[in-house]
S.K.: 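Let me begin by handing over the structure; questions about it come next.
Whatever order the structure lists them in is the order used to number ligands and atoms, beginning at 1. Please read all numbers here as calculations on a predicted model, not as lab measurements.
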Amino acid sequence: MSMRVAVVTGAARGIGLAVAQRLASVGMKVVMADLRDAAQAASMVNRDLCAGVDADVSDEASVQQLVAGVVARYGRLDVLVNNAGISPKHGGRKARVEDTALPEWQSVLDINLTGTFLMCRAALPHMRAAGWGRIVNLSSQAGRSRSAVTGAHYAASKAGILGFSRILAEEVGGDGITVNCVAPGRIATAMAAAVPETVNQEIAARIPLARLGTAAEVADAVSFLVSEQAAYLTGVTLDVNGGYFMA
Ligand code: NAD
């Protein structure tokens with residue numbers, strides 16, 4: 001079998017970076033896409049297996065250019081991990097609904113949800129042609145249950161990803177393409193560090209496994225879902241949250 005080619009969005013840091021590292025470690029070619037610093041991140045992970053591309057997942061033309069570039073360079077696109085996301089805070093706190101400006105609402109939906117749609121739509125013809133594909137979309141515990149630290153726009157976008165993924169899984173299953181979600185709980189990255197440390201300590205105290213998760217632990221779940229071993233899993237959501245929310 002030829003080498004699998006993966007695209008990971010938001011891969012310059014945090015969970016996306018860990019996913020890229022993990023997929024390269026199992027021998028995939030990984031295209032690491034991010035708004036900026038993608039090439040630098042890729043050279044740090046693995047110069048031979050990783051390439052960085054600056055791209056904005058909320059911009060249709062940028063997404064088309066990204067996917068066309070991957071297919072032109074490698075001739076295939078097997079794995080897509082939609083990880084790019086934002087969770088705006090103001091002075092370490094979310095904006096309540098009544099205080100949320102429309103541009104902020106729109107940008108969260110554009111990047112988190114529409115970005116996922118645009119990336120899937122661009123990648124699917126290539127997976128369909130190959131008769132094989134793996135898509136993993138990053139949702140969140142905030143899209144599965146309640147959250148006191150994230151804004152309503154973020155929760156709406158992450159819940160939207162769950163519904164979007166179920167419909168897509170149904171549409172493309174017959175073409176050998178699986179579509180699954182990973183819903184992280186509180187993971188120690190820059191995104192989680194945007195709130196005061198005491199807030200994360202309070203959350204950790206309520207997590208059965210008694211700590212925040214790591215980006216590498218989320219990457220392990222993603223790595224499983226894109227593997228051959230996950231061939232009969234589609235439309236599922238893996239909660240990687242230390243037991244904080246149990247479905
Ligand atoms: P992060 O902020 O550390 O990294 C996100 C990356 O996405 C950044 O490198 C950023 O530049 C990139 N990005 C933002 N907008 C982009 C765009 N328009 N186009 C391309 N790239 C863009 O976040 P993280 O903690 O690593 O989170 C990764 C994913 O996991 C996100 O979807 C997030 O919502 C989700 N998640 C994180 C946590 C957590 O606690 N950290 C919990 C649940 C879900």
S.K.: Just need the protein heavy atom nearest to atom 6 (C) of ligand 1, so name the residue and atom and give the distance.
M.R.: Gly10 O, 3.6 Å

S.K.: Could you list the donor-acceptor pairs under 3.5 angstrom formed between side-chain atoms of residues 22-35 and any protein atom two or more places apart in sequence or on another chain?
M.R.:
from	atom 1	to	atom 2	distance (Å)
Arg22	NE	Asp220	OD1	2.5
Arg22	NH2	Asp220	OD1	3.4
Ser25	OG	Arg22	O	2.6
Lys29	NZ	Asp48	O	3.3
Asp34	OD2	Ala11	N	3.2
Asp34	OD2	Ala12	N	2.9

S.K.: For ligand 1, which part of Ser87 has a heavy atom less than 4.0 Å away: the side chain, the backbone, both, or neither?
M.R.: neither

S.K.: Could you pull out, from Asn83, Val53, Ile161, Val218, the option with a heavy atom nearest to atom 31 (C) of ligand 1?
M.R.: Asn83

S.K.: Please list the nearest protein heavy atom to atom 41 (N) of ligand 1 with its residue and the distance rounded to 0.1 Å.
M.R.: Thr189 OG1, 3.0 Å

S.K.: Which one of Ile15, Asp54, Thr9 has a non-hydrogen atom at the shortest distance from atom 26 (O) of ligand 1?
M.R.: Ile15

S.K.: Under 3.5 Å between any N/O of Val57 and any N/O of ligand 1: does that happen in this structure?
M.R.: yes

S.K.: Around atom 42 (C) of ligand 1, find the nearest protein heavy atom and jot down its residue, atom name and distance.
M.R.: Gly185 O, 2.9 Å

S.K.: Please list the nearest protein heavy atom to atom 36 (N) of ligand 1 with its residue and the distance rounded to 0.1 Å.
M.R.: Tyr154 OH, 3.5 Å

S.K.: I'd like a table of donor-acceptor pairs (distance under 3.5 Å, sequence neighbours excluded) in which one partner is a side-chain atom from residues 116-130, with atom names and distances.
M.R.:
from	atom 1	to	atom 2	distance (Å)
Thr116	OG1	Asn112	O	2.8
Arg121	NH2	Glu60	OE2	2.6
Arg128	NH1	Asp175	OD2	2.4

S.K.: Decide whether an N or O pair under 3.5 Å exists between Gln141 and ligand 1.
M.R.: no

S.K.: Which residue owns the protein heavy atom closest to atom 4 (O) of ligand 1, what's the atom, and how far is it?
M.R.: Arg13 NE, 3.5 Å

S.K.: Could you tell me the residue and atom name of the protein heavy atom closest to atom 12 (C) of ligand 1, and the distance to it rounded to 0.1 Å?
M.R.: Asp34 OD1, 3.3 Å

S.K.: Among all protein heavy atoms, pick out the one at the shortest distance from atom 5 (C) of ligand 1; state its residue, atom name and that distance to 0.1 Å.
M.R.: Gly85 O, 3.9 Å

